[in-house]
**Student:** 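One structure coming up, written as structure tokens, with questions to follow.
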2 protein chains.
Amino acid sequence: MTVTLADVAARARVSPATVSRVLNGNYPVAASTRERVLRAVDELDYVLNGPASSLAAATSDLVGVLVNDIADPFFGIMASAAQGAIGEVASGRAGGEKLAVVCNTGGSPARELTYLTLLQRQRAAAVILMGGSLEDPEHLAATAGKLAKLAEAGTRVVLCGRPPVPGDANTAALVFDNRTGARLLTEHLLGLGHRRIGYVAGPADRTTTRHRLEGHRAALAAAGVAEGPTVHGPYDRRSGHEATAELLARDPDLTAVVAANDTVALGVCAALRERGLSIPDDVSVAGFDDLPFSVDAVPALTTVRLPLHDAGARAGRLAMGAEEPPTDGPVAVPGELVVRGSTAAPRG
Amino acid sequence: MTVTLADVAARARVSPATVSRVLNGNYPVAASTRERVLRAVDELDYVLNGPASSLAAATSDLVGVLVNDIADPFFGIMASAAQGAIGEVASGRAGGEKLAVVCNTGGSPARELTYLTLLQRQRAAAVILMGGSLEDPEHLAATAGKLAKLAEAGTRVVLCGRPPVPGDANTAALVFDNRTGARLLTEHLLGLGHRRIGYVAGPADRTTTRHRLEGHRAALAAAGVAEGPTVHGPYDRRSGHEATAELLARDPDLTAVVAANDTVALGVCAALRERGLSIPDDVSVAGFDDLPFSVDAVPALTTVRLPLHDAGARAGRLAMGAEEPPTDGPVAVPGELVVRGSTAAPRG
DNA sequence: TCTCAGACAGAAAGCGCTTTCTATCGGGGC
DNA sequence: GCCCCGATAGAAAGCGCTTTCTGTCTGAGA
């Protein structure tokens with residue numbers, strides 16, 4: 001029925017071992033033999049049996065990329081960059097074709113663990129975890145345990161945009177400097193003269209949420225300005241939309257709103273407009289991430305640009321072992337303040 | 001080193017066969033035995049060896065979802081829905097845990113084929129191809145061949161938003177009715193009184209592009225209105241931005257622009273604004289897909305809503321065999337015209 | 001009491017590949 | 001002319017699981 005290595009070997013009049021060696025290219029094979037084998041492979045339309053190969057070699061060519069929300073371009077961009085980098089590295093290695101796949105956890109710790117187990121089952125070559133994590137100690141411990149098991153089994157683990165596991169110095173980590181980015185953003189607002197700043201934060205128990213909030217508060221504290229109202233919600237536009245009403249109810253004299261990210265900011269803008277408030281004349285709005293649509297918002301969004309593409313690509317290379325991770329802790333990826341039309345000095 | 005089935009068997013004082021049966025739940029095992037096995041699994045922290053299992057069973061628990069661009073929410077939403085549905089169906093079956101993974105082809109035919117081969121290697125349980133395909137006969141034939149091979153090997157193949165392979169009646173297919181959607185949209189514009197309508201199309205050789213363009217032209221033809229300028233480009237905002245200049249150069253008196261999709265429409269809006277043209281007073285703009293950000297554009301985008309989530313979920317169920325595909329051709333998924341602020345009657 | 005069906009459990013044969021460990025074959029060095 | 005080495009190729013032993021084929025044992029029916 002299906003063509004096997006043995007069939008190819010028979011056709012090429014060599015042993016299965018030789019065919020395997022030709023296909024994996026890690027053992028000297030005479031050019032003429034190689035050619036004969038390759039021809040047989042072609043003629044028989046042979047496709048390697050992945051599971052058999054993985055079983056025998058005790059490793060597979062799967063690389064898993066876990067993301068919190070695949071429908072969010074924030075993750076899409078990073079994942080895409082990682083896949084691209086992985087493909088690029090793989091194409092330069094004989095028989096190194098990797099199956100880079102992205103798994104959508106939907107932000108659920110349970111699904112994250114499930115995916116990790118599934119990848120562990122497959123003896124994945126590498127796993128990249130993208131995006132902030134839940135700060136629940138139990139889940140953190142469970143994840144750390146899984147990652148340790150994976151690493152132990154030879155799977156390369158890379159964190160991208162997620163704080164390193166404490167005490168685990170040997171998994172590569174890329175972390176966005178959310179704190180500094182948020183601080184710069186709030187400083188910008190303070191510099192414009194804003195003193196009543198509302199904040200629409202992400203889910204309360206996520207690292208990203210906390211870090212951005214901390215940066216925001218640090219800026220406020222440094223300037224001696226009191227913290228305005230803060231509302232937590234998911235990282236989506238609806239959250240921004242709903243939170244705005246709450247923010248305004250708590251402080252009707254708000255002159256600026258900082259959102260957890262650009263998507264949320266869009267919701268904030270919509271809600272503000274619905275109430276007849278103009279941006280930035282009545283209220284300034286700022287986002288975070290600088291996703292592609294942010295420049296097209298009206299007015300264009302002031303935000304903090306994160307080098308999503310670069311970070312994803314780097315994570316991909318790290319996962320392929322094509323780049324050495326720094327030995328002294330995680331790589332800090334800085335964000336860059338991008339000032340656009342959605343922020344301005346508050347009305348006289 | 002690593003714990004194997006045999007270790008678990010030894011610990012539970014049963015044969016490996018029994019452990020396997022407990023884990024796969026498809027053979028009667030006494031409750032007490034089952035419990036003993038499960039405990040052993042737990043105590044030893046056993047993780048099934050996927051490759052070994054797949055090899056022996058000649059099938060794996062991988063489900064591949066191929067998308068053209070993972071950074072585009074259009075695909076993200078569908079992929080997310082599909083993964084969700086797959087997870088849901090899987091959780092209802094003992095040992096039916098599936099590893100739903102999304103693969104990003106970047107619209108490249110070569111990568112599409114590569115992924116298909118990789119998935120074939122893994123003996124994937126199912127493959128879902130999302131989004132329109134290239135219309136190159138050679139690539140079409142290559143893809144059709146691969147899909148036939150996959151189906152033959154027992155992999156379930158589902159097309160979502162991609163026209164069925166001619167002559168292949170047994171792979172399930174969900175197709176968006178892009179033609180009708182596009183026709184409705186252009187009819188809406190015509191109804192408002194527009195007679196000079198520019199069109200920013202997607203890449204020339206894609207099915208989606210062609211179908212939308214055909215619907216647009218059909219509406220024009222039915223109304224006896226001459227076709228305005230048309231420019232092709234990728235499905236991104238930049239394309240819309242650049243195409244707008246071209247469109248305006250070809251016909252400075254354009255009163256409306258139809259874009260290939262919402263993302264492109266955003267680019268069109270930006271370009272129009274940069275030239276000091278107001279939307280919809282000077283020029284009406286329409287998109288397609290109704291992605292989440294479209295309602296937040298200013299003005300909100302008139303577009304054609306595609307039930308991306310539903311379609312993705314359905315594709316997922318089809319891939320799991322949890323829903324029977326219709327025997328009489330593909331399922332046509334209709335789009336719904338959504339009229340918002342970006343379109344209005346042309347100026348006097 | 002004896003038989004037999006039904007419910008479980010075990011033995012063992014692979015699944016298709018990788019990878020040591022062994023040949024085998026020409027040559028160059030002495 | 002002999003020995004040893006480098007370059008290739010083959011033999012064969014698994015990798016860890018699934019599954020068919022056989023039991024074994026229990027209780028119901030006769």
Side-chain angles (χ1 to χ4, degrees), chain A residues 1-38 40-41 44-62 94-97 120-123 125 153-154, chain B residues 1-38 40-41 44-62 94-97 120-123 125 153-154:
Chain A
M1 192 61 231
T2 50
V3 182
T4 73
L5 230 215
D7 298 331
V8 175
R11 172 138 199 156
R13 315 189 131 273
V14 296
S15 72
T18 300
V19 177
S20 171
R21 298 200 263 244
V22 167
L23 262 24
N24 292 298
N26 47 16
Y27 190 88
V29 173
S32 64
T33 310
R34 174 196 315 285
E35 197 184 324
R36 203 141 36 88
V37 170
L38 256 19
V41 165
L44 294 177
D45 215 359
Y46 169 69
V47 174
L48 187 72
N49 182 316
S53 165
S54 299
L55 171 58
T59 173
S60 83
D61 48 10
L62 249 194
E97 212 66 276
Q120 186 183 0
R121 266 190 201 178
Q122 302 301 329
R123 306 298 189 252
Chain B
M1 191 60 230
T2 51
V3 183
T4 72
L5 231 213
D7 298 332
V8 175
R11 172 139 200 155
R13 314 190 132 272
V14 296
S15 71
T18 300
V19 177
S20 171
R21 297 201 263 246
V22 168
L23 263 22
N24 292 298
N26 48 16
Y27 190 89
V29 174
S32 63
T33 310
R34 174 196 315 285
E35 198 184 322
R36 203 142 36 86
V37 170
L38 256 19
V41 165
L44 294 177
D45 213 1
Y46 171 67
V47 174
L48 186 72
N49 182 316
S53 166
S54 299
L55 172 57
T59 174
S60 83
D61 49 9
L62 247 195
E97 211 68 275
Q120 184 182 1
R121 267 192 200 174
Q122 302 301 329
R123 304 302 190 247

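What you see below is based on every heavy atom in this structure, not just the backbone, and it leaves out hydrogens, waters and symmetry mates. This one's a predicted model, so the numbers in the text were calculated from it and none came from an experiment. Below, chains carry the letters A, B, ... as their sequence lines are ordered, and counting in each starts from 1.
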**Student:** Can you give me the N/O atom pairs linking the protein to nucleotides 5-7 of chain D at distances under 3.5 Å, or say none if there are none?
**Tutor:**
none

**Student:** Counting just side-chain N and O atoms, does A:S20 come under 4.0 Å of either OP1 or OP2 of C:dC17?
**Tutor:**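 For C:dC17, neither OP1 nor OP2 has a side-chain N or O of A:S20 closer than 4.0 Å.
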**Student:** Do any side-chain atoms of residues 6-18 of chain B form donor-acceptor pairs under 3.5 angstrom with protein atoms, and if so which ones, sequence neighbours left out?
**Tutor:**
| residue | atom | partner | partner atom | Å |
| --- | --- | --- | --- | --- |
| B:D7 | OD2 | B:T4 | N | 2.8 |
| B:R11 | NE | B:E43 | OE1 | 2.8 |
| B:R11 | NH2 | B:E43 | OE1 | 3.1 |
| B:S15 | OG | B:A17 | N | 3.4 |
| B:S15 | OG | B:T18 | N | 3.4 |
| B:S15 | OG | B:T18 | OG1 | 3.3 |

**Student:** Kindly calculate the angle separating the two end axes of the helix from C:dT1-D:dA30 to C:dC30-D:dG1, each obtained from five base pairs, and round it to 10 degrees.
**Tutor:**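 If I round to tens, the end axes sit 40° apart.
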**Student:** Which residues pass the side-chain contact (heavy atoms from CB on, under 4.5 Å) test with B:N26, not counting sequence neighbours?
**Tutor:**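 For B:N26 the side-chain contact (heavy atoms from CB on, under 4.5 Å) partners, ignoring immediate neighbours, are B:N24.
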**Student:** Can you list everything that forms a side-chain contact (heavy atoms from CB on, under 4.5 Å) with A:N49? Sequence neighbours excluded, please.
**Tutor:**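 Here the qualifying residues are A:P51, A:A52, B:L55, B:R123.
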**Student:** Give every residue pair that meets the salt bridge (charged side-chain N to carboxylate O under 4.0 Å, His left out) criterion with at least one member in residues 18-27 of chain A, sequence neighbours excluded.
**Tutor:**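 Not a single pair qualifies under salt bridge (charged side-chain N to carboxylate O under 4.0 Å, His left out).
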**Student:** Return the polar atom pairs (N/O with N/O) between nucleotides 10-14 of chain D and the protein under 3.5 Å, or none.
**Tutor:**
| residue | atom | partner | partner atom | Å |
| --- | --- | --- | --- | --- |
| D:dG10 | OP2 | A:S15 | N | 2.8 |
| D:dG10 | OP2 | A:S15 | OG | 3.2 |
| D:dG10 | OP2 | A:T18 | OG1 | 2.9 |
| D:dG10 | N7 | A:R21 | NH2 | 2.7 |
| D:dG10 | O6 | A:R21 | NH1 | 3.4 |
| D:dG10 | O6 | A:R21 | NH2 | 3.3 |

**Student:** Distance check needed: C:dT19 P versus A:N24 CG, whole Å only.
**Tutor:**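 My rounded result for the distance is 7 Å.
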**Student:** Using side-chain contact (heavy atoms from CB on, under 4.5 Å) as the criterion, list what pairs up with B:A56, not counting sequence neighbours.
**Tutor:**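 B:A56 satisfies side-chain contact (heavy atoms from CB on, under 4.5 Å) with no residue once adjacent residues are dropped.
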**Student:** With respect to the phosphate group of D:dG16, does any side-chain polar atom (N or O) of B:S53 fall under 4.0 Å of OP1 or OP2?
**Tutor:**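 Answer no for this pair, as no side-chain N or O of B:S53 is under 4.0 Å from OP1 or OP2.
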**Student:** Restricting to side-chain contact (heavy atoms from CB on, under 4.5 Å), what partner residues turn up for B:S60, sequence neighbours left out?
**Tutor:**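 Testing B:S60 for side-chain contact (heavy atoms from CB on, under 4.5 Å), a comparison that skips the adjacent residues, returns B:S54, B:L62.
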**Student:** Under 4.0 Å between a side-chain N or O of A:T4 and OP1 or OP2 of C:dC15?
**Tutor:**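 No, A:T4 has no side-chain N/O under 4.0 Å of OP1/OP2 on C:dC15.
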